[in-house]
Structure formats: C-alpha cells, structure tokens
Amino acid sequence: MSESIDELIENAAESLARAEYAIALTGAGISTESGIADFRGPSGVWTKNPKAEQDAYKTYPRLLEDPKGWWEEMLAQPVSGRESLEKAAANSGHYALAELERIGVLKWTLTQNIDALHEKAGSKNLLEYHGTISKLRCMACNARYPRDGFDFEKMLADDRLPPLCSECQGVLKSDVVYFGEPIPSDIAYQSDEVARKCDVMLICGTSAVVYPFANLPRIAGQGARGRTRAATVIEVNAEPTPLTEEHVSDYLIQGKTGEILPAIAEAVRAKLDA
Ligand code: NAD
C-alpha cells in the first residue's frame, strides 16, 4: 500500500531532522507560485511556445560573435524578461527552505533559477547554478558584480559597451547561463562537491531534464566514489520526473512546493523541539 502525503512529509522531516549534511536542489517549479512561468510544466513557456526554446539557443553564439552589438541589442529591448522577474516576490516554498537553513538543517540550496527569489527569502548558502539576473559575470575570470552598480544608459550614450571587468578587463555578461554556455567552473565544482557530501537531498520543482544539473541527484542517489552509502533523495514536485521513474529518488511527494515545503519545515521544527 502506498503512503499518504502526510506520511511522506513525516518521513522527509525525519530524514532532514537526523541529517548531518542536507542540501536542497530547486528548479522553476518552486517559483510558479510567485507568478513566474516554468518552461516544461503544463503552462510552461516552452510547452506553449516551442519556438521560444529554439530562439534561446541563439543568444550565446551572438554574444561571442559581437559582445558590443549584443549589449546594444539587449538594452534596446522594450520590456525585458529581467524587469518582470525583478518585481516577483518569494513565496512560502522559498521561505520554508530559508527557514530550514536558518535552523541549521539545510547546509546549501542549489538552484537552477535565475530569479533571485531564494536570496529575497533569506537563503545565504546559495549556489545559483544557472546564475542570477541580479549580477554580471566576467567571461574570463568569473568575477561577479551587482548589476545595479552599472549605468547602462550612460554607457550606451558614451559608447562604452561592453562593460569590462575591473579585475582582468575581460568582457562582462549577465551572470545568467545561456543555452550552450558552460556552467561557470567555480559553481560547477562546488555543486559537485556538496552533492557528493550530502546525506539527504531535497529536490523541489524541477523536471530534472536539464544537464549537467540533473546529474547532481544521480551523484547523491547512486553513492559517489569513496562513500559508504547513497544519500536519501526526496522529490517534491507537481508531477513525476525521470528521477522518479528511474528510481534515482527514494520517493516523490506529489503536490505544490508552496504547500509541502512549509509542512516539512514545520514537522522538522517540531522534531528538533521535542
Ligand atoms: P522545468 O520548467 O523544466 O520544470 C518545472 C517542474 O516543476 C515541472 O515538473 C512542473 O510540473 C513542476 N512544477 C511547476 N509548478 C510547481 C509547483 N508549484 N510545485 C511543485 N512542482 C511544480 O524547470 P527546471 O527543471 O528548473 O528547468 C528549467 C530551466 O529553465 C532551468 O535551467 C532554469 O534555469 C530555467 N528557468 C528558470 C526560471 C526561474 O528562474 N524562475 C523560470 C523558468 C525557467
């Protein structure tokens, strides 16, 4: 007989309360309740408009070909997707993960999201695997800069694009990782390290089909080299994913992250207080 949602939430809370090194992985699904569409859910941007997926692959080659022209084209766009993301607010799912970190249960949150909502919710130990809209990154040395430290209107008027790194004079781009662009080496390395080290991995709102991020549950779930046993891998998602179907995850708690994650956090707190 399969377990009820309440029993699965209780199991997850038990594993997290006992964990020595728990980490969370998140994807676009955790932000749909903040009004940001995901890509591959039933109302996803690409589910509704497959051509948008093909267009997304043109951005990075265009940047490599002509950084100055790329910046001018980006700044000429009437209302960018970035501006609507900047207005979004964190939801109860983001706050629940920040709370689990605050009480010492979660050691790291690794997100594919670029929307900066984990940061807004208060998560501190955050690895933004696909970058963030709130920063620029040097293409040569990976140095990051807050985006709001640049006056792009003035740089455009003074013909000073592209922006350059003050450390090494490399070209700056958005920190967001574009399709076809390698994951920044510092983030890739650290994410791999914590996935190898974790004993519990809580995966929230991802279809787990974008690589190399989708490898991280496989590293944890199958037991990396030098480990005595695999981590407990728990999914919270609206629908089953390849991780569910291939039994990489131990179980799926099927539902909304905005409802299930606060329930897990509350159950963990109750166990730690008992
Ligand atoms: P995805 O769109 O491929 O999958 C999202 C998954 O979350 C789906 O399985 C969907 O059913 C599920 N889901 C949707 N709403 C949910 C909810 N409220 N509760 C629980 N589950 C829910 O997303 P992905 O796996 O993150 O891959 C998409 C890629 O696109 C990532 O690389 C990410 O960087 C990027 N992206 C980011 C954002 C963002 O920053 N918010 C938004 C769209 C896409």
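By convention here, the first residue in the shown sequence is residue 1. For ligands, and for the atoms within them, numbers begin at 1 and follow the listed sequence. Values in this document were obtained by computation on a predicted structure and should not be read as measured data.
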Could you check whether the rings of Phe213 and Tyr129 sit parallel, tilted or perpendicular, using 30° and 60° as the cut-offs? perpendicular

Shortest protein contact, atom 18 (N) of ligand 1 (heavy atom only): Glu33 OE2, 2.8 Å

Out of all atoms in ligand 1, which are within 4.0 Å of some heavy atom of Gly27? Include the element for each. 26 (O)

Can you tell if the side chain of Glu181 reaches within under 4.5 Å of the side chain of Leu63, non-hydrogen atoms only? no

Are side-chain heavy atoms of Val236 and Ile30 found at a separation under 4.5 Å? no

Flag side-chain contact, heavy atom, 4.5 Å: Tyr251 against Glu3: no

I need the atoms of ligand 1 closer than 4.0 Å to a non-hydrogen atom of Ala37, numbered in the order shown. 42 (C), 43 (C)

Do Glu235 and Thr241 get their side chains close enough for a donor-acceptor pair, meaning under 3.5 Å? yes

Atoms in ligand 1 flagged as close to Gly255, the criterion being non-hydrogen separation under 4.0 Å: 19 (N), 20 (C)

Which atoms of ligand 1 are found less than 4.0 Å from any heavy atom of Ser31? 41 (N)

Is the closest basic N to carboxylate O distance between Lys197 and Glu20 below 4.0 Å? no

Are the side chain of Lys120 and the backbone of Ala88 linked by a donor-acceptor contact shorter than 3.5 Å? yes

Heavy-atom nearest neighbour in the protein, as seen from atom 41 (N) of ligand 1, with distance rounded to 0.1 Å: Asp115 OD2, 2.8 Å

Looking only at protein heavy atoms, which one is nearest to atom 25 (O) of ligand 1, and what is the separation? Thr206 OG1, 2.6 Å

Geometric class of the His118/His94 ring pair [parallel <30°, tilted 30-60°, perpendicular >60°]: perpendicular

Tell me the protein heavy atom at minimum distance from atom 13 (N) of ligand 1, and give that distance in Å. Gly29 CA, 3.6 Å

Can a salt bridge be assigned to the pair Arg62 and Glu65 using a cut-off of 4.0 Å between side-chain N and carboxylate O? yes

Distance-only side-chain donor-acceptor flag, Asn91 / Ser34, under 3.5 Å: yes

Counting from 1 in the order shown, the ligand 1 atoms closer than 4.0 Å to a non-hydrogen atom of Ala238 are 11 (O), 13 (N), 20 (C), 21 (N), 22 (C)

Counting from 1, what ligand 1 atoms have a heavy atom of Ile114 closer than 4.0 Å? 40 (O)

Checking a contact table here: which protein heavy atom is nearest atom 35 (C) of ligand 1, and how many Å away? Phe39 CE1, 3.7 Å

Atoms of ligand 1 under 4.0 Å from any heavy atom of Thr32, numbered from 1 in the order shown, are 14 (C), 15 (N), 16 (C), 17 (C), 18 (N)

Nearest neighbour of atom 14 (C) of ligand 1 from the list Ile36, Val236, Asp38, on a heavy-atom basis: Asp38

Counting heavy atoms only, which part of Gln112 comes closer than 4.0 Å to ligand 1: side chain, backbone, both or neither? both

Could you find the nearest protein heavy atom to atom 26 (O) of ligand 1 and give me its residue, atom name and distance? Ala28 N, 2.8 Å

Among protein heavy atoms, which lies nearest atom 27 (O) of ligand 1, and at what distance? Arg40 NH1, 3.5 Å

For Glu239, atoms of ligand 1 separated by under 4.0 Å from a heavy atom: 8 (C), 9 (O), 10 (C), 11 (O)

Is the shortest side-chain N to carboxylate O distance from Glu99 to Arg102 below 4.0 Å? yes

For atom 37 (C) of ligand 1, find the nearest protein heavy atom and state the residue, atom name and distance (0.1 Å precision). Asn113 OD1, 3.8 Å

Looking at ligand 1, is there an atom of it that comes within less than 4.0 Å of some heavy atom belonging to Gly205? yes

Using 4.0 Å as the upper bound for N to carboxylate O, is an ion pair formed by Asp186 and Arg137? no

